[in-house]
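Quick notes on the structure that follows.
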Amino acid sequence: MIDKKEKYTHLIKTEAKRLGFLSCGVSKAGFLEEEAPRFEFWLNQNHHGKMSYMEDHFDKRLNPTLLVEDSKSVISLLLNYYPPKEQIKDSYKISKYAYGKDYHNVIKKKIKKLLNHIKTEIGDVYGRAFVDFAPVMDKAWAAKSGLGWIGKNSNLLTQQVGSFYFIAELIIDLELEYDNATTDHCGTCTACIDACPTQAIVTPYVVDGSKCISYFTIELQDNIPIEMKGKLDDWMFGCDVCQDVCPWNKFSKAHSEPLFNPYPELLSYTKKDWEEITEETFTKVFTNSPLKRVQLEGLKKNINFLK
């Protein structure tokens with residue numbers, strides 16, 4: 001006889017798959033004991049640079065029961081964003097996750113549908129969706145839920161599909177059947193460490209965020225440090241180098257989410273097009289694009305540094 005926890009877990013995973021999620025794993029909500037000292041050390045080393053928000057809500061970041069009252073389970077979800085096509089060669093580079101519409105709303109809508117399905121099929125279940133912005137250690141929870149392992153580049157990796165996917169959580173007050181963590185399959189490979197243009201991967205599994213190209217081109221409000229001149233490899237928004245060189249990403253397959261399909265202009269624009277783009281064109285063409293996070297002013301600042 002199938003018990004309720006097993007039945008409910010199967011129901012949730014089946015619906016997650018139907019909604020288009022790549023995979024779904026479940027962990028018992030509680031304090032992340034192993035991650036706590038690592039995260040504290042990372043902060044103490046100032047690896048977060050000027051991302052001061054990383055210092056906020058330290059306890060909540062490590063314990064979802066402080067975020068969601070009476071929470072019992074963390075449901076981790078992966079959504080593929082690997083694009084069917086990439087930018088032309090003569091262009092300033094944009095991280096693949098930003099090729100299409102902003103992912104936050106796309107994923108939240110899917111998770112809300114999942115939660116509504118849970119309520120319809122199971123009953124009065126309380127839960128909250130978390131996509132990127134909240135103080136949740138998404139990679140840690142996904143790894144704990146068996147969806148992959150955290151690689152030497154600090155990204156979640158899987159043997160089946162690599163690492164080009166978004167991670168999100170649904171934290172609920174329902175006990176479920178919990179998954180087990182998988183094993184590390186990085187082995188002796190150092191491709192990501194060797195390829196990083198700014199040596200941001202300071203030791204295996206530790207990334208100095210304040211040296212990362214994504215930090216310089218998205219997070220940093222100030223001017224990019226002059227010592228980084230010539231090291232950004234033409235990246236104007238984000239960076240995929242440590243993922244592009246990862247052997248596991250040879251298994252990446254194109255996503256099936258229409259809203260993540262690349263803006264045609266983004267794929268075809270040359271460096272000259274980006275240098276000459278007007279505010280009017282940018283606003284019109286890149287509606288609901290992740291590029292709006294830094295606005296055209298931020299992109300121009302990055303481009304001028306790259307020239």
Side-chain angles (χ1 to χ4, degrees), residues 1-32 60 63-82 101 103-150 156-183 251-260:
M1 183 180 173
I2 299 175
D3 66 13
K4 281 187 177 181
K5 286 193 283 189
E6 189 179 346
K7 178 186 173 185
Y8 293 161
T9 305
H10 178 73
L11 180 147
I12 290 167
K13 289 185 176 182
T14 301
E15 180 63 7
K17 188 173 184 180
R18 191 191 70 79
L19 288 167
F21 286 106
L22 197 61
S23 49
C24 171
V26 187
S27 288
K28 182 178 175 63
F31 183 67
L32 290 168
K60 286 182 179 179
N63 191 348
T65 63
L66 302 176
L67 271 175
V68 181
E69 194 176 352
D70 295 325
S71 57
K72 303 287 193 299
S73 303
V74 178
I75 300 168
S76 293
L77 301 149
L78 305 183
L79 189 63
N80 184 17
Y81 67 77
Y82 191 73
K101 301 286 186 186
Y103 61 95
H104 293 92
N105 293 333
V106 177
I107 298 174
K108 273 211 165 175
K109 282 179 183 176
K110 287 181 183 291
I111 298 180
K112 282 181 180 176
K113 286 180 181 178
L114 178 60
L115 182 56
N116 287 335
H117 183 77
I118 291 169
K119 289 179 176 180
T120 301
E121 297 296 322
I122 298 173
D124 186 22
V125 177
Y126 175 71
R128 285 179 66 192
F130 295 93
V131 185
D132 201 19
F133 282 147
V136 177
M137 300 188 78
D138 50 10
K139 288 181 283 190
W141 284 109
K144 199 176 174 70
S145 303
L147 298 185
W149 73 94
I150 297 176
L156 186 80
L157 305 177
T158 68
Q159 289 178 290
Q160 292 78 26
V161 288
S163 62
F164 288 106
Y165 39 70
F166 300 113
I167 308 173
E169 294 78 33
L170 174 60
I171 301 176
I172 60 175
D173 62 351
L174 178 71
E175 284 194 4
L176 296 169
E177 189 176 60
Y178 302 123
D179 295 300
N180 297 313
T182 185
T183 50
F251 299 112
S252 298
K253 295 180 178 66
H255 65 75
S256 56
E257 173 51 65
L259 293 171
F260 292 160

* Heavy atoms only: give me the nearest Leu156-Ala143 pair and the separation to one decimal. => CD1-N, 3.8 Å

* **side-chain contact (heavy atoms from CB on, under 4.5 Å) between Asn105 and Leu259, intermediate numbers included** => CA-CA 10 Å; Asn105 293 333; Leu259 293 171; over 6 Å; no

* **Listed once per pair and sorted, the side chain to side chain donor-acceptor pair (under 3.5 Å) pairs that draw on residues 106-125, sequence neighbours left out** => Lys110-Glu257

* To do: Please list, chain by chain and in numerical order, all residues satisfying side chain to side chain donor-acceptor pair (under 3.5 Å) with Lys13, sequence neighbours excluded.
  => Asp179

* Kindly determine whether Leu115 and Ile172 satisfy side-chain contact (heavy atoms from CB on, under 4.5 Å), including the steps that lead there. => CA-CA 9 Å; Leu115 182 56; Ile172 60 175; 4.3 Å; yes

* Asked: So how far is it from Ile12 CD1 to Ile75 CD1, rounded to the nearest 0.5 Å?
  -> 4.0 Å

* Structure fact -> With sequence neighbours left out, the residues meeting side-chain contact (heavy atoms from CB on, under 4.5 Å) with Ala129 are Ile111

* How many angstroms lie between atom CG of Leu147 and atom CG of Leu77, to the nearest 0.5 angstrom? -> 8.0 Å

* All side chain to side chain donor-acceptor pair (under 3.5 Å) counterparts of Asn80, not counting sequence neighbours -> none

* pair Val74-Val136: side-chain heavy atoms closer than 4.5 Å -> no

* List in chain and number order the residues that pass ring pair (Phe, Tyr, Trp, His ring centres under 6.0 Å) with Tyr8, two or more places apart in sequence or in another chain; answer none if no residue qualifies. => none

* **From NZ (Lys7) to CD1 (Ile122), nearest 0.5 Å** => 8.5 Å

* State the CD1-CZ distance between Ile107 and Phe260, to the nearest 0.5 angstrom. => 5.0 Å

* To do: Supply the atom-to-atom distance Ile150 CD1 to Leu157 CG, rounded to the nearest 0.5 angstrom.
  => 9.0 Å

* Structure fact -> Nearest heavy-atom contact between Ile171 and Pro64 is CD1-CB, 3.6 Å

* Within-4.5 Å side-chain heavy-atom neighbours: Tyr82 and Val161 -> no

* Structure fact -> Asn63 and Gly30 have their tightest heavy-atom pair at OD1-C, 3.6 Å

* Structure fact -> Taken in chain and number order and not counting sequence neighbours, the residues that satisfy ring pair (Phe, Tyr, Trp, His ring centres under 6.0 Å) with Tyr103 are Tyr97, Phe166

* Structure fact -> Looking only at heavy atoms, the pair that brings Leu67 and Pro135 closest together is CD1-O, 3.7 Å

* Asked: Taking only residues two or more places apart in sequence, or in another chain, which ones meet Ser256 in a side chain to side chain donor-acceptor pair (under 3.5 Å)?
  -> none

* Structure fact -> Heavy-atom nearest pair, Leu170 first then Gly127, reads CD1-C, 4.3 Å

* Where at least one partner belongs to residues 70-79, residue pairs that pass side chain to side chain donor-acceptor pair (under 3.5 Å), sequence neighbours excluded -> Ser73-Tyr178

* Asked: What pairs with Lys253 under side-chain contact (heavy atoms from CB on, under 4.5 Å), at least two apart in sequence or on another chain?
  -> none

* Structure fact -> What one should report as the nearest heavy-atom pair of Trp141 and Ala29 is CH2-CA, 4.2 Å

* In chain order, what residues pass the ring pair (Phe, Tyr, Trp, His ring centres under 6.0 Å) check against His10, with sequence neighbours excluded? -> none

* From CG (Leu176) to CD (Glu6), nearest 0.5 Å -> 11.5 Å

* Asked: Which residue pairs pass the salt bridge (charged side-chain N to carboxylate O under 4.0 Å, His left out) test when at least one of the two sits in residues 125-140, sequence neighbours left out?
  -> none

* Asked: Can you list every side chain to side chain donor-acceptor pair (under 3.5 Å) pair that touches residues 159-174, not counting sequence neighbours?
  -> Ser163-Gln243, Ser163-Asn249

